[in-house]
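These notes concern the structure reproduced below.
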There are 2 protein chains.
Amino acid sequence: MSPKPMVRPGGRSARVQESVHAAVRELQAELGREALTVPLVAARAGVTPSTVYRRWGDLQELLSDVAVEHLRPEEPPADLGSLRADLEAWAEQFLDEMASPPGRAYIRDALLGDPDGSNAGQCSAYAADQIDVVLARAAERGESAPDVERVIDRVVAPMMYRILFRPGELDAAYARALVEHALSLSKP
Amino acid sequence: MSPKPMVRPGGRSARVQESVHAAVRELQAELGREALTVPLVAARAGVTPSTVYRRWGDLQELLSDVAVEHLRPEEPPADLGSLRADLEAWAEQFLDEMASPPGRAYIRDALLGDPDGSNAGQCSAYAADQIDVVLARAAERGESAPDVERVIDRVVAPMMYRILFRPGELDAAYARALVEHALSLSKP
DNA sequence: CGCCTAGAAGCAATGAAATTGCGTTAAGGA
DNA sequence: TCCTTAACGCAATTTCATTGCTTCTAGGCG
């Protein structure tokens, strides 16, 4: 009845995992992402390189894992009283975080060491969950609200496309315009 | 920035560049992207590894350059007689190519080895150029047509977002629906 | 409560790749 | 044609990635 643990959840394994993740975060802050290597991270974490290779395969997968943690939202979106206000605030914050140099770096890392796309999917799921909260709140208020998929197509996707493919001017006004559009015709 | 534009345009340098690019293409086809290394590519190209390192910095930047070449459209979009038909056909083909495993691999490579984002910007410019042709043709016909930026936000960005972050079902019907929406409210 | 088993980490050797100094070649301009 | 200098080749060195084998320990069982 106990599920056989594919990864041992507690004890030394957990300690090693946390230690390695912490080492990555520290070294990223100190030396930058370019300077990271597996032996370096392992030394900082107090483990041997082979442990890292066996558990994560290579440096990129490890960085991808850590990046996804950085990309996880820390709080539910604020409740400002209306769907439009909530969505605008969320979109502005999202754009702000994701378009920043560290945000862009995390997105790239998350996409990079991700053979099966599960980490990228996780990132998308984070955004979808946040939007879900906003939309559910709107529904409770009795506001008519669009579909989550629609908000992703019309708000999240354009922002992310520009972040990734069009390094340049991206401001809160753009985010607000996207939200406006997403809400303007949400009743087909 | 990739050192491509400022290298000596003719003679040996050009020959080396072409030779290295060809080697990457061949080895990608023969062994897959995972198996590529700088010494391997250099050997196939008939140059020394140091040449590759000095010119491209590392393997990812080289792969990024080659990937952008793969992503360049080979023909102008077909003229099917109407804006809607043209855009639908273009979007379907775009989705088809980009969502395929090799297409996804090229997109990833183009994004990854791209410190300043110039290669990613080039990819976006390719799509924008193609859309521009379609829209200009529509204008000549007297059709009312949306803005290029609008088409990118509403057609290209959603497709690309799903390709990158949501590995899963993506079909021509989805592309058509996006085109429909982009055109439905674009007649000011 | 202590044994058993298997998964996880450590150690160490090996092969390959990244990196760099230095000499040589040839592209582009005077 | 000559001259300057970017670009290339060669080779040595350092570092990294990879893997067989050993040791340790978490979790289950008698």
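The chains referred to below are lettered A, B, ... by the order of the sequence lines, with proteins before strands, and numbering in each begins at 1. Quantities reported herein were computed from a predicted structural model and do not represent experimental measurements.
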Next item on the list: Identify, with sequence neighbours excluded, every residue that meets side chain to side chain donor-acceptor pair (under 3.5 Å) alongside B:Asp58.
Entry: none
Notebook entry, point to check: Sequence neighbours excluded, which residues qualify as side chain to side chain donor-acceptor pair (under 3.5 Å) partners of A:Arg84?
Noted result: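 Once residues adjacent in sequence are excluded, the partners of A:Arg84 under the side chain to side chain donor-acceptor pair (under 3.5 Å) criterion are A:Glu180.
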Give every residue pair that meets the side-chain hydrogen bond (donor to acceptor under 3.5 Å, both in side chains) criterion with at least one member in [range], sequence neighbours excluded.
range                      : value
residues 73-83 of chain B  : B:Asp79-B:Arg141
residues 37-50 of chain A  : A:Glu26-A:Arg44, A:Glu30-A:Arg44, A:Thr48-A:Ser50, A:Thr48-A:Thr51
residues 98-108 of chain B : B:His70-B:Tyr106

Notebook entry, point to check: If you look at every heavy atom in B:Pro146 and B:Leu135, which pair is closest and at what distance?
Noted result: O-CD1, 3.4 Å
Item checked: A:Pro77 versus A:Val134, closest heavy-atom pair with distance -> CG-CG2, 3.6 Å
Whole Å only: how far is the [atom1] atom of [X] from the [atom2] atom of [N]?
X       : N      : atom1 : atom2 : value
B:Asp58 : C:dA16 : CG    : P     : 21 Å
B:Gln17 : D:dC8  : CD    : C1'   : 14 Å
B:Leu27 : C:dA17 : CG    : P     : 12 Å
B:Trp56 : D:dA7  : CH2   : C1'   : 11 Å
A:Arg15 : D:dC24 : CZ    : C1'   : 12 Å
A:Tyr53 : C:dG10 : OH    : P     : 15 Å

Next item on the list: Could you pull out all residues at least two apart from A:Glu149 that satisfy salt bridge (Lys or Arg N to Asp or Glu O under 4.0 Å)?
Entry: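 Result, salt bridge (Lys or Arg N to Asp or Glu O under 4.0 Å) vs A:Glu149: B:Arg162, B:Arg166.
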Note to self: Checking A:Asp129 now: which residues fulfil salt bridge (Lys or Arg N to Asp or Glu O under 4.0 Å) with it, not counting sequence neighbours?
What the structure shows: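 Salt bridge (Lys or Arg N to Asp or Glu O under 4.0 Å) check on A:Asp129 returns nothing, list empty.
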Margin query: Please enumerate all residues that pass ring-ring contact (aromatic ring centres under 6.0 Å, His included) together with A:Tyr161, with sequence neighbours excluded.
Written below: A:Phe165
Note to self: My understanding is that a hydrophobic cluster links ILVMFWY residues whose side chain heavy atoms are under 4.5 Å apart, including indirect links. Using that, what else belongs to the cluster containing B:Val133?
What the structure shows: none
Return the polar atom pairs (N/O with N/O) between nucleotides 22-25 of chain C and the protein under 3.5 Å, or none.
residue, atom, partner, partner atom, Å
C:dT25, O2, B:Arg12, NH2, 3.4

Notebook entry, point to check: At what angle, to 10 degrees, do the two end axes of the helix from C:dC1-D:dG30 to C:dA30-D:dT1 meet, given five pairs define each axis?
Noted result: 30°
Item checked: DNA chain C contacts among residues 32-50 of chain A, heavy-atom distance under 4.0 Å ->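 The stretch gives A:Gly46, A:Val47, A:Thr48, A:Ser50 as the residues lying under 4.0 Å from the strand, ordered by number.
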